[in-house]
Each structure stands twice: as C-alpha cells, then as structure tokens.
Amino acid sequence: MKRNLRSIDLNLLPVFEAIMENGQLGKAGECIGMSPPAMSAALQRLRHTIGDELFIRKRTGFTPTPRAERLHATVSEALNQIREEIEEKINFDPTVERRNFNIIGGDYAEIIFLGSLLSHLESIAPNITIEISPLEVGGLESKMKHGAVDFALYYQPVDSKELQAEHIASDRLVVVAKNDHPRVRLNITREQFNAEKHVTLHQNKMGLTHLENHMGEWGDNQSGKSEAQADQLGRKVAVRVSHFQNMIPVILNTDYLCTMPEGMAQLFARNNPIQILPFPSPIDPLEIYLVWPKICNSDIVHRWFRQQLKISSNLHKEPLTADLAS
C-alpha cells in the first residue's frame, strides 16, 4: 500500500539533496536560499520523517549515513526528472524533442494525413514518432483519459466533457469504378448504383459511418435488422474488406463499385486506372474532426503537435475534382 505523501513535507527533499551535495549546512543553505537556522530546523524535521540520523557531524562537515546514501540516489533522480520536465516546458525545442504520439485515425489518417505530416515533421522535429490505430466505435474517452491515445481523427464531433474537438478538414464521398467498366462511365444514377455489386468496408469500422447513415443501412443494422434486409435498402454488397486500399484491387479485377472519400480516391487514381464518379444523390460533406483530451491543453508539446496536425491537414490538400457531374 502506497504511503500517503500528504503527511510529508516534500520541500525537505531539496534540503536533503543540498546537504548531500555540499556537506555543510551553510553552503547547502546558500545553494537553495535558506539561512543556517532554517536549514538546521529542516534537517531535524527530515530526520524525524525518515527515522534516521541521515548525517553525522564531523570537523569537515556532515557525513551521510548508509540510509542517506541509498536515499540520495532515489531523491536525486526524482528531483532531476521534475527539473527536466519543468525546463522542457520553459525551453521546449522541437528539433531535439523525443516523444511518441498515438493517434486513432485508421485508413483516412494513414492515407490522407500521414505522408504530409511526416514530411513536415522531418525538417522541424526529426525525433518525433507516431503510431496510428484503427477507428473504433467506443472507448475513446477512457483511452485518452488514461494516456493510451493522444489524438483521434473522427468523422463526427464528440460529446464528452473530458474531450475537445476541432474541425480541421472536409471531404466528400464519391463512387469509384475501373476505367473500362462496361456499364458505368462519367456518371451513375441511383438505380445503377443499387443495381451494381459493391465492395465495402467491414461494418464494425467507423470509416463508413457517414455513408451508412446516408443510405439508412448503419442505423437499421443498429436497430436489429439483418444484414440482408439492410442491403436491400442500397448496395448489393459482394465483399467486405478491412481497409479502403484493399477495395482497389477488387474493383480493378471485377465490375464492382466502391464508395470512399474523394481525397483517398484521388490518391489511388495516380497509380490505378480508375474513374471517380459523383455520388448518385445529394449528400452532405464528410467533415473531419481532430479530437484530444482536455487534460493535455496544458502540455506544451501536446499543444505543439496538435498545431502540426492542423498544418499537415492543409498541406496534403489537392483541389477537389472539378465538377464531377459534368
């Protein structure tokens, strides 16, 4: 069981360290700005707290007891860590900062943001490392509260007193098909969309929540309808995959369609013979929100990295495909 530190005057620890390093009360007091009488009184309280004499007075000064020697190693390390943390906040330098950031963002973060973010950081903070985890339906608040996650990129704002969110980007959903699709070219009607087979994301991912809500599938599945009933409302789902990039080989080797954010589709179109089509019915933009724990607002490094995420969200942008419907 941990000892309750409220009964201990932690201000005595710098006193102990100063005596250990100087060997005399006078010199130790000068180092930490205390008079000899104040140092003597502090030493008496320290001896009572630790339950050990700690220092033996000799002609040349104080000699530490074995208990003091062992204690010094622990106290000195702890105080140095505190000093480094405080100095880091005062003298933060991203060029030498070493820190790992955990981001929940899934495919969208990896495909759209990661490249531009890493390129941006390489020149200003080369020692920063990043881990990206898949989007999850729940548990975000708990993970952020316990420090397991630093940021999340979500398709919707969060309703939490513990978390903060900021809109950082917009995208739109488009339909993707291979260039030589036998029935689809330039445009697609809702009837065609419903008639063709589709490759989609596995439904336990959050990545397509916006699309599922628009088509009525996600909400109906959550209400207890079977997958077959839900599919009758929209797409003929032929196959479900785990990641957006896995859709491309499928549509290139079949006549299937897929739906994804246009930013992703534009990147995939650079190296694949695919066509990007407007969604067959009006749909709201896909809004991207950066989410983080409010408790980190006082962390200067966390705040700095948040700013870099927002900067990189603008660096990656290409103009949206000029009027897809034309």
Side-chain angles (χ1 to χ4, degrees), residues 1-103 125-131 133 139 141-151 162-163 292-306:
M1 182 177 179
K2 293 182 178 179
R3 182 174 180 179
N4 188 351
L5 293 179
R6 293 183 62 184
S7 62
I8 299 175
D9 184 358
L10 297 180
N11 289 317
L12 296 176
L13 298 183
V15 172
F16 170 77
E17 181 186 48
I19 297 173
M20 281 291 300
E21 294 179 354
N22 290 275
Q24 295 180 354
L25 283 184
K27 290 183 179 180
E30 291 176 3
C31 289
I32 58 177
M34 292 178 64
S35 66
M39 288 291 292
S40 180
L43 176 56
Q44 293 304 316
R45 297 202 311 274
L46 189 59
R47 285 168 168 165
H48 176 75
T49 299
I50 302 300
D52 187 88
E53 189 69 14
L54 295 178
F55 300 99
I56 307 300
R57 186 186 296 273
K58 295 186 176 181
R59 288 185 179 181
T60 56
F62 284 107
T63 300
T65 66
R67 179 77 176 93
E69 292 280 8
R70 294 194 302 271
L71 186 63
H72 179 245
T74 302
V75 169
S76 180
E77 181 180 1
L79 291 177
N80 283 333
Q81 288 178 348
I82 293 172
R83 292 186 186 102
E84 289 174 3
E85 181 66 22
I86 293 174
E87 289 172 0
E88 176 186 53
K89 288 191 173 185
I90 297 173
N91 304 309
F92 168 59
D93 181 358
T95 62
V96 297
E97 178 68 25
R98 293 182 179 274
R99 184 156 167 180
N100 182 70
F101 288 95
N102 293 283
I103 304 171
N127 298 314
I128 295 293
T129 58
I130 298 169
E131 293 183 21
S133 303
E141 184 172 337
S142 176
K143 288 186 176 182
M144 285 192 164
K145 184 177 181 180
H146 292 92
V149 173
D150 295 293
F151 296 95
E162 304 292 333
L163 306 181
W292 68 92
K294 289 182 179 179
I295 196 173
C296 289
N297 283 338
S298 61
D299 183 335
I300 188 172
V301 185
H302 197 277
R303 293 202 313 269
W304 170 84
F305 189 77
R306 187 197 321 155

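Please read all numbers here as calculations on a predicted model, not as lab measurements.
- When side chains are defined from C-beta on, V149 does not count as touching E131, because their heavy atoms never get closer than 4.5 Å.
- Residue pairs that meet the ring pair (Phe, Tyr, Trp, His ring centres under 6.0 Å) test with at least one member in residues 23-60, sequence neighbours left out, are F16-F55.
- Considering CD1 of I130 and CG of N102, their distance stands at 10.0 Å, rounded to 0.5 Å.
- Here R45 pairs with D9, L12, A41, A42 under the side chain to side chain contact (heavy atoms under 4.5 Å, CB included) rule; sequence neighbours left out.
- Contact check for W292 versus I103: no side-chain heavy atoms found under the 4.5 Å cut-off.
- Side-chain contact between V15 and L43 is absent, with no heavy atoms from C-beta onward closer than 4.5 Å.
- The stretch residues 13-31 participates, sequence neighbours left out, in these side chain to side chain donor-acceptor pair (under 3.5 Å) pairs: E17-R83.
- Atom CG of D52 sits about 9.0 Å away from atom CG of L71, to the nearest 0.5 Å.
- Atom CZ of R57 is surrounded by 12 or fewer heavy atoms from other residues, nucleotides or ligands within 6.0 Å.
- In this structure the side chain of M20 never reaches within 4.5 angstrom of the side chain of F62, judged on heavy atoms.
- From M34, atom CE reaches atom CG of N11 across 8.5 Å, with rounding to the nearest 0.5 Å.
- Taking CD from Q44 and CG from L54, the interatomic distance works out to 10.0 Å, rounded to the nearest 0.5 Å.
- Separating the CD1 atom in I50 from the CZ atom in R67 is a distance of 6.0 Å, to the nearest 0.5 Å.
- Partners of S35 under the side chain to side chain contact (heavy atoms under 4.5 Å, CB included) rule, at least two apart in sequence or in another chain, are P37, A38.
- Taking both residues in full, the closest heavy atoms of E97 and N127 are given as O-CB, 3.2 Å, listed atom of the first, atom of the second, then distance.
- To the nearest 0.5 Å, atom OG of residue S40 and atom CD1 of residue I19 are 9.0 Å apart.
- With sequence neighbours excluded, the residues satisfying side chain to side chain contact (heavy atoms under 4.5 Å, CB included) with P94 are F92, A125, W304.
- Qualifying side chain to side chain contact (heavy atoms under 4.5 Å, CB included) partners for I56, counting only residues two or more places apart in sequence or in other chains: E53, T65.
- P64 approaches E69 most closely through the heavy-atom pair CG-OE2, 3.3 Å.
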**Audit row: D150, H302, side chain to side chain contact (heavy atoms under 4.5 Å, CB included) steps and yes/no** = CA-CA 8 Å; D150 295 293; H302 197 277; 3.8 Å; yes
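- Checked for salt-bridge contact, R99 and D299 meet the test: a charged N lies under 4.0 Å from a carboxylate O.
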